[in-house]
Protein chains: 2
Amino acid sequence: MDRRQKKTRRAIFAAFTDLLKEESYAKITVQQIIDRADIGRTTFYSHFETKDELLNALCTDIFEHVFSEELSKEKTHDFSRVHDIKSQITHILYHLQEHMDYLPGILSGESEDIFMGYFKNHLQQLFTKVISLSSASAPEDYLLNHMVCDFAETVKWWTKNQSYSPEEICGFFYETIPV
Amino acid sequence: MDRRQKKTRRAIFAAFTDLLKEESYAKITVQQIIDRADIGRTTFYSHFETKDELLNALCTDIFEHVFSEELSKEKTHDFSRVHDIKSQITHILYHLQEHMDYLPGILSGESEDIFMGYFKNHLQQLFTKVISLSSASAPEDYLLNHMVCDFAETVKWWTKNQSYSPEEICGFFYETIPV
DNA sequence: TCAATACAAAACACAGTGTTCTGTTTCTTG
DNA sequence: CAAGAAACAGAACACTGTGTTTTGTATTGA
């Protein structure tokens with residue numbers, strides 16, 4: 001990849017996340033992004049087809065880091081032991097905490113759908129095993145949605161109300177899991 | 001109120017909910033609404049300042065019916081008895097079921113925020129008492145968000161996956177309440 | 001009946017998107 | 001190092017949708 005491309009791409013992401021700290025995704029215009037990144041309009045559109053695609057790329061980046069090592073260790077995990085699922089969740093929360101400053105700008109409107117789409121897909125994969133061990137009588141499709149949304153919405157709430165540590169949030173969440 | 005006003009207002013709401021059955025709120029334009037309602041552009045804007053205000057008016061209407069009798073019976077309710085909270089939830093689900101055909105069109109993007117804003121406000125009021133009786137060790141602000149989002153997201157899931165009755169959904173939900 | 005007002009139709013300014021053009025700079029490869 | 005390829009800037013453009021304004025008509029309630 002061309003050095004210029006990488007530089008421009010970094011500049012776009014930097015400008016984008018920077019703007020997200022100040023206002024919500026919906027209010028940010030392409031014009032603002034290219035002004036702050038100090039690039040031309042054509043340049044932006046040669047990197048990303050639309051503003052939404054930029055957000056998609058950002059989300060891919062984020063969740064690649066958040067879920068990468070979790071998934072690679074997947075085989076060695078045994079969810080019947082409490083420690084594993086708890087440590088995974090804590091890890092996820094620590095990773096997300098690094099992006100805390102601009103996440104609120106994403107978590108509303110159309111951008112929330114895109115972000116949550118990625119997030120919930122990964123969570124679904126993670127919680128499916130937990131559900132299968134659950135003794136709750138509700139059907140699995142209900143329980144899976146219940147857990148995935150519970151965690152996703154808890155994270156959303158956490159970003160707007162940052163008064164607890166990842167360990168605390170994990171503890172609260174674990175307490176209400178239907179096991 | 002003028003008969004013409006009421007007629008026009010009804011026509012706008014009818015066209016709006018009708019369009020919501022076909023596509024999402026974000027994709028619906030004012031032009032489509034006034035075409036289907038067979039009214040002029042100026043007429044629409046004399047009734048509602050923006051498209052968002054129309055959605056707000058619709059939400060107000062919906063939740064007025066969904067939560068009206070529940071709130072009026074508030075004083076006679078005793079949440080320490082299982083029956084009351086369960087019957088309330090079932091009632092809410094039955095009312096929402098009447099709008100099932102166009103709710104999916106609202107439950108995404110910016111419109112979801114508006115709808116959920118009303119919904120969660122009412123739910124917060126409803127669940128605060130339940131939380132105070134909970135024996136869970138997590139803090140109340142966490143638990144309240146947990147329950148409110150759980151129910152709201154369950155309803156959202158229900159509208160997209162309509163294979164259970166209000167009673168069944170209520171049963172599933174009640175099973176995972178932290179009491 | 002008559003004044004008020006709800007309405008229709010069309011034109012308008014505005015903002016934001018995504019495209020297209022013409023050059024210029026920078027990289028890479030032979 | 002030279003030459004072609006690719007990334008870039010800048011400006012203009014068409015397009016869509018919003019919300020406003022203007023002018024004139026039809027309906028209502030007093």
Side-chain angles (χ1 to χ4, degrees), chain A residues 1-59 61 105-106 108-115, chain B residues 1-59 61 105-106 108-115:
Chain A
M1 197 179 195
D2 204 305
R3 293 172 202 166
R4 288 169 296 176
Q5 277 195 52
K6 279 194 276 191
K7 189 184 165 192
T8 306
R9 205 180 158 88
R10 267 200 305 272
I12 292 175
F13 275 116
F16 184 45
T17 53
D18 206 45
L19 284 163
L20 280 170
K21 296 171 192 168
E22 296 162 22
E23 50 191 341
S24 67
Y25 175 81
K27 289 182 181 172
I28 294 172
T29 67
V30 175
Q31 194 62 48
Q32 286 176 288
I33 297 171
I34 66 180
D35 283 348
R36 191 162 303 202
D38 198 34
I39 59 167
R41 192 169 191 73
T42 359
T43 308
F44 177 87
Y45 281 106
S46 71
H47 279 263
F48 303 99
E49 273 194 8
T50 66
K51 206 179 70 173
D52 279 2
E53 215 204 87
L54 169 60
L55 179 58
N56 273 283
L58 180 65
C59 290
D61 274 18
I106 296 179
S108 70
E110 339 128 59
S111 49
E112 179 176 349
D113 293 348
I114 294 176
F115 180 89
Chain B
M1 197 179 196
D2 204 305
R3 293 172 201 166
R4 288 170 297 177
Q5 276 195 53
K6 279 194 277 191
K7 189 185 165 191
T8 306
R9 205 181 159 87
R10 266 200 306 270
I12 292 175
F13 275 116
F16 184 44
T17 53
D18 206 44
L19 284 163
L20 279 170
K21 295 172 192 169
E22 296 162 24
E23 52 192 340
S24 67
Y25 175 80
K27 289 182 181 173
I28 294 172
T29 67
V30 174
Q31 194 61 49
Q32 286 177 288
I33 297 172
I34 66 181
D35 282 348
R36 190 162 301 203
D38 197 34
I39 59 166
R41 193 168 190 74
T42 359
T43 307
F44 176 87
Y45 281 106
S46 71
H47 279 263
F48 303 99
E49 273 194 8
T50 65
K51 206 178 72 174
D52 279 2
E53 215 205 88
L54 169 59
L55 178 59
N56 272 285
L58 180 64
C59 290
D61 273 18
I106 297 179
S108 72
E110 339 128 58
S111 49
E112 180 177 347
D113 293 348
I114 294 175
F115 181 88

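What you see is a predicted model, and the numbers here were worked out from it, not measured in a lab. Letters A, B, ... mirror the listed sequences (proteins, then strands); counts begin at 1.
Residue-to-nucleotide contacts include a donor-acceptor pair under 3.5 Å from the side chain of A/Arg41 to the base of C/dG18. Residue side chain B/Thr42 reaches the base of C/dA9 through a donor-acceptor N/O pair under 3.5 Å, judged by distance alone.
Listed for the A/Tyr25 side chain is a donor-acceptor partner under 3.5 Å among the backbone atoms of A/Asp52. Side chain of B/Gln32 to main chain of B/Thr29: a donor-acceptor pair is present (N/O by atom type, distance under 3.5 Å, no hydrogens or angles).
With salt bridges taken as basic N to acidic carboxylate O contacts below 4.0 Å, none links B/Glu110 and B/Lys51.
Phosphate contact (OP1/OP2 of D/dA7, side-chain N/O of A/Ser46, threshold under 4.0 Å): absent. Contact between the side-chain N/O atoms of A/His47 and the OP1/OP2 oxygens of D/dC8 is found at a separation under 4.0 Å. Listed pair B/Arg3 / D/dG29 meets the phosphate criterion, a side-chain N or O lying under 4.0 Å from OP1 or OP2.
Regarding A/Phe44, its CZ atom lies at a distance of 13 Å from the P atom of D/dC8, rounded to whole Å. Spacing between atom CZ of A/Arg9 and atom P of D/dC8 amounts to 11 Å, rounded to whole angstrom units. Taking atom CD1 of A/Ile12 as the reference point, atom P of D/dA7 lies 13 Å away to the nearest angstrom. As a whole-Å value, the separation of A/Ile34 CD1 from D/dA7 P is 18 Å. Rounding to whole angstrom units, CZ of residue A/Arg10 and C1' of D/dC8 are separated by 16 Å. Rounding to whole angstrom units, CD of residue A/Glu53 and P of C/dT17 are separated by 15 Å. One atom, CD of A/Glu23, and another, P of C/dG16, lie 10 Å apart when rounded to the nearest Å. Straight-line distance from the CD atom of A/Gln31 to the C1' atom of D/dG10: 11 Å, rounded to whole Å.
Nearest-nucleotide positions on DNA chain D for A/Arg4 and B/Glu49 put A/Arg4 closer to the 5' end.
The number of heavy atoms from other shown groups lying within 6.0 Å of NZ (A/Lys21) is above 12.
B/Asp38 comes within 4.0 angstrom of sugar-phosphate atoms only, judged by non-hydrogen atoms across all strands, and of no base.
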- Query: What do the steps show when you test B/His47 against B/Gln5 for side-chain contact (heavy atoms from CB on, under 4.5 Å), and what is the final call?
  - Reply: CA-CA 8 Å; B/His47 279 263; B/Gln5 276 195 53; 4.2 Å; yes
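Nearest nucleotide to the B/Tyr45 side chain, out of C/dG16, D/dG19, D/dC8: D/dG19.
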